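I have placed the structure first, in the form of C-alpha cells, so that the comments after it can refer back to it.
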Amino acid sequence: MALQQYRIPQFLGLNQGACENGIDAGESPDARNMDTAGGQLRVARGYVRHHEAAHPAPGDVLGMTVWRRGDVRRFLTATPTGYQVLAEDGTAFSTVYTSDTAIAQADFQTVKLGSTEHMLLAGGGRQIVKWDGEGEAAAFGSAEQLSDVPVSLLELYYSRLFAAGDPEHPCRLYWSCAPGDERTVEDWSQAEASANVGGGHVEVGTDSDPITGLFALSNQLLIFKRDSLYRLFGDRPANFRIYPVSASMAQPARTACVRVADVLYFLTDMGLYYFDGQTVLRAPDADKIQTFLAGADLSDCRAAACRDRLYFAVRTGGSTVNNALVVYDLSRRVYMVRDGFAVHGLCADGGVLFLLAGNGTICRFDEGDTYDGAPIAAYWRTPMTDLGGKLAVKQLKELYLRGSGGVITVEAISNGLTVFFDRLMPATLSDVLEARLAGDGRAFCLRLSNEHGTRFTIDGGVELLLDAQRRVL
C-alpha cells in the first residue's frame with residue numbers, strides 16, 4: 001500500500017486551454033454557477049426582482065440602458081417598434097416613442113441640449129430620437145442643421161456627438177458642433193465663426209467595409225468596421241487624424257464591447273480581446289474558455305461591467321436567446337459561467353448589475369439564493385489527473401473538506417465509472433467533513449454539485465486520500 005494525498009489548496013476558475021492533467025488543481029475544465037472569490041468554492045448567488053413590472057415583449061428587446069437622474073433610475077429598452085421606459089415607481093412599462101419604421105439595433109447616449117439633459121436613442125433606418133424624461137420622445141435634429149440622418153451608432157468625444165451607421169453612407173462618420181454660445185450637439189452643420197467649432201463628416205475607409213461601432217476613450221475615438229479598426233485623434237476638426245489599427249483580431253458584435261477605466265474589452269468566439277491604447281491584444285488567458293465559446297453563439301452578445309467584473313451574455317445549446325453569462329474577474333483573472341436563465345438585456349449602475357430576465361422583469365444580479373424563484377443548479381469538476389504516474393492504479397479512499405451549508409453531492413469518477421454519494425455539510429466552517437470514497441483507476445476526478453438548489457461553501461480547499469499501487473507486470 002502506498003498512501004498519497006491529493007490536495008486542492010484553493011479554488012480558482014475555468015481553464016479549458018490546456019490538458020487537464022497539466023492545469024492547476026484549483027482550476028476546473030467544467031463548472032457552472034459557482035463562485036470562487038477568496039479561494040472558496042460556493043454556490044453562486046442568484047438574482048431578485050428590482051421591480052414587479054414585466055416588459056410586454058422581452059424577447060424583442062434589442063438593447064437596455066439605465067438613465068440615472070438624481071436618485072431615480074430610469075430603465076429604457078428598445079424594440080423593433082419603438083422605445084419603452086419603466087415607470088419610476090416600477091409599476092409598468094410605457095412607450096415613449098413608436099417608430100414608423102422598424103428599428104434594427106439600439107444605441108443610447110445621454111447629452112445636454114442647452115441646460116436640459118436628454119437621452120438620445122438611435123436605431124438605424126430613421127432619425128435619432130431625443131427624450132427629456134417627460135412625456136413623449138421627439139425627433140432629434142433637423143434637415144437645416146444636417147442632423148436628421150438615420151444613424152444607428154452614437155458616441156460623445158471631446159463634448160461633440162459622433163454618429164455613424166447611415167444606411168446610405170455606411171462608412172461615413174458624422175460629428176456635431178462643439179456646444180457653446182448658441183450651439184448644441186443637435187447641430188451638425190459648419191459654423192460661420194470657425195470650422196473648428198462646426199460640425200462635419202468624413203469617409204472612413206470604403207463602403208464595402210461599413211462602420212459597426214464607436215467607442216470613446218480618453219484621448220481617441222475607436223471606429224470599428226466590419227473587417228478593420230480605425231482610431232481618431234484630435235479635439236477639433238482642424239487636427240482630426242484617423243489611422244488604421246494594424247492588429248490581428250476577431251471582429252466583435254458591437255454589443256459585446258465594454259469599457260473599464262480607459263480600456264475597451266470585447267468578447268469574440270476566439271476569446272477575450274482588449275484595446276490597450278495603441279493596439280488590440282488577445283488576453284493571455286483567452287484560451288481558458290475556448291471549449292465553452294466553441295459551442296456558443298455571440299452574434300447577439302450583450303456586455304456590461306460592474307465593479308471589477310465583466311459580464312457577457314451569450315447563447316448556448318442552440319438557444320434562440322442569450323441563456324448564459326461569461327463572468328470575468330479582472331482582479332483575479334478568472335473566468336466562470338452562469339446559466340439556467342434568459343438574458344434579454346444587461347446594464348449596470350451604482351455597482352449593481354441589472355438584467356432583463358426571461359419573464360420580462362428587471363432583476364438585480366448576485367443577490368438572493370435563487371434565480372427569481374428557480375433553483376440554482378451548480379457544479380464544479382476537478383481536472384482529470386493521473387498525478388504524473390500513469391503506471392499506478394489509484395484507489396480512492398477518503399475525502400476531507402471544511403465548509404458549511406446544505407447537502408453536497410460528490411461524484412468520484414475513475415476508470416470510466418462514477419460513484420455517487422451525498423453528504424450534509426458541517427454546521428460551521430471550523431468543522432471537517434470526512435467521507436469515504438470508492439473507485440479506482442489510473443486517472444480520476446471529482447464532481448462537486450448542489451442538490452435541488454441547496455447552498456454550500458467549501459473553505460480551505462479539499463484533501464483526498466488515495467492508495468496508489470504500481471501494477472506488477
Side-chain angles (χ1 to χ4, degrees), residues 47 49-114 116-142 147-154 161 163 165-167 185-186 254-255 300 302 304 313 320-322 342-349 352-364 372:
Y47 59 74
R49 294 187 187 185
H50 186 62
H51 290 299
E52 290 298 319
H55 193 282
D60 294 336
V61 171
L62 302 168
M64 181 177 81
T65 191
V66 55
W67 183 17
R68 191 162 188 169
R69 303 181 69 179
D71 295 329
V72 178
R73 291 187 175 106
R74 310 295 296 272
F75 293 93
L76 291 104
T77 62
T79 63
T81 59
Y83 302 103
Q84 304 79 34
V85 63
L86 179 62
E88 293 184 18
D89 59 4
T91 55
F93 280 87
S94 61
T95 299
V96 297
Y97 192 84
T98 300
S99 178
D100 53 5
T101 58
I103 297 171
Q105 64 183 60
D107 204 4
F108 307 92
Q109 183 64 59
T110 55
V111 299
K112 288 289 284 291
L113 299 178
T116 305
E117 185 172 285
H118 286 71
M119 175 64 74
L120 302 187
L121 309 108
R126 62 150 301 110
Q127 191 172 349
I128 302 171
V129 171
K130 62 181 179 181
W131 187 54
D132 64 2
E134 304 293 337
E136 297 283 326
F140 168 91
S142 65
S147 54
D148 61 341
V149 184
V151 295
S152 58
L153 303 169
L154 302 173
L161 180 67
D166 181 353
V185 297
E186 203 164 5
R254 178 189 62 85
T255 52
D300 191 34
R302 311 288 173 94
T320 57
V321 300
N322 291 325
V343 183
H344 295 299
L346 206 61
C347 62
D349 178 66
V352 180
L353 182 72
F354 297 94
L355 65 85
L356 186 65
N359 59 7
T361 59
I362 293 177
C363 300
R364 300 190 305 274
D372 191 21

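Because the structure is predicted, anything quoted here is derived from the model rather than measured. The figures that follow rest on heavy atoms only: side chains count, while hydrogens, waters and symmetry mates do not.
Pairs of residues two or more places apart, or lying in two chains, that qualify as salt bridge (charged side-chain N to carboxylate O under 4.0 Å, His left out) and include a residue from residues 90-108 are Asp100-Arg126, Asp107-Arg254.
With sequence neighbours excluded, the residues satisfying ring pair (Phe, Tyr, Trp, His ring centres under 6.0 Å) with Phe75 are His50, Phe354. For Arg74, the side-chain hydrogen bond (donor to acceptor under 3.5 Å, both in side chains) criterion is met by Glu88, not counting sequence neighbours. Scanning for side-chain hydrogen bond (donor to acceptor under 3.5 Å, both in side chains) contacts around Asp148 gives an empty result, with sequence neighbours left out. In this structure Phe93 satisfies the ring pair (Phe, Tyr, Trp, His ring centres under 6.0 Å) test together with His55, sequence neighbours excluded. For Trp67, the side-chain hydrogen bond (donor to acceptor under 3.5 Å, both in side chains) partners two or more places apart in sequence, or in a different chain, are Glu117. Under the rule for a salt bridge (charged side-chain N to carboxylate O under 4.0 Å, His left out), the partners of Arg364 that lie at least two apart in sequence or sit in another chain are Glu367. Under the side chain to side chain contact (heavy atoms under 4.5 Å, CB included) criterion, Leu353 pairs with Ala304, Cys306, Tyr311, Leu346, Ala348, Phe365, not counting sequence neighbours. Contacts of Thr91 classified as side-chain hydrogen bond (donor to acceptor under 3.5 Å, both in side chains), with partners at least two apart in sequence or in another chain: Asp89. For Tyr47, the ring pair (Phe, Tyr, Trp, His ring centres under 6.0 Å) partners at least two apart in sequence or on another chain are Phe341, Tyr371. Judged as a salt bridge (charged side-chain N to carboxylate O under 4.0 Å, His left out), and not counting sequence neighbours, the contacts of Asp300 are Arg302, Arg315. Under the salt bridge (charged side-chain N to carboxylate O under 4.0 Å, His left out) criterion, Glu52 pairs with Arg49, not counting sequence neighbours.
Nearest approach of Ala92 to Leu86, heavy atoms of both residues: O-CD1, 3.6 Å. In this structure, Gly90 and Ala53 approach most closely via the heavy-atom pair O-CB, 3.2 Å. The two residues Ala163 and Val151 make their nearest non-hydrogen contact at CB-CG2, 3.9 Å. For the pair Ala57 and Thr79, the tightest heavy-atom approach, listed with the atom from each and the gap, is O-CG2, 4.5 Å. Taking every heavy atom of both residues into account, Thr101 and Gly125 meet most closely at OG1-O, 3.7 Å. Across Asp60 and Pro80, no two heavy atoms sit closer than the pair O-CD, 3.3 Å.
To the nearest 0.5 Å, the span separating OH on Tyr83 from CZ on Phe108 amounts to 7.0 Å. Going from atom CE of Met119 over to atom CG of Leu154 covers 10.5 Å, rounded to the nearest 0.5 Å. Here the OG atom belonging to Ser152 is positioned 9.5 Å from the CD1 atom belonging to Ile128, to the nearest 0.5 angstrom.
Between Leu62 and Gln105, every side-chain heavy-atom pair lies at or beyond the 4.5 Å cut-off. You'll find the side chain of Leu161 reaches within 4.5 Å of the side chain of Leu120, heavy atoms only. Within the 4.5 Å cutoff, the side chain of Ile103 has no heavy atoms near those of the Tyr97 side chain. Here the side chains of Asp166 and Pro150 are in contact, with some heavy-atom distance below 4.5 Å. Using a 4.5 Å heavy-atom cutoff, the side chains of Thr77 and His344 are not in contact.
For the residue pair Glu186/Ser147, the side-chain donor-acceptor check at 3.5 Å is not satisfied.
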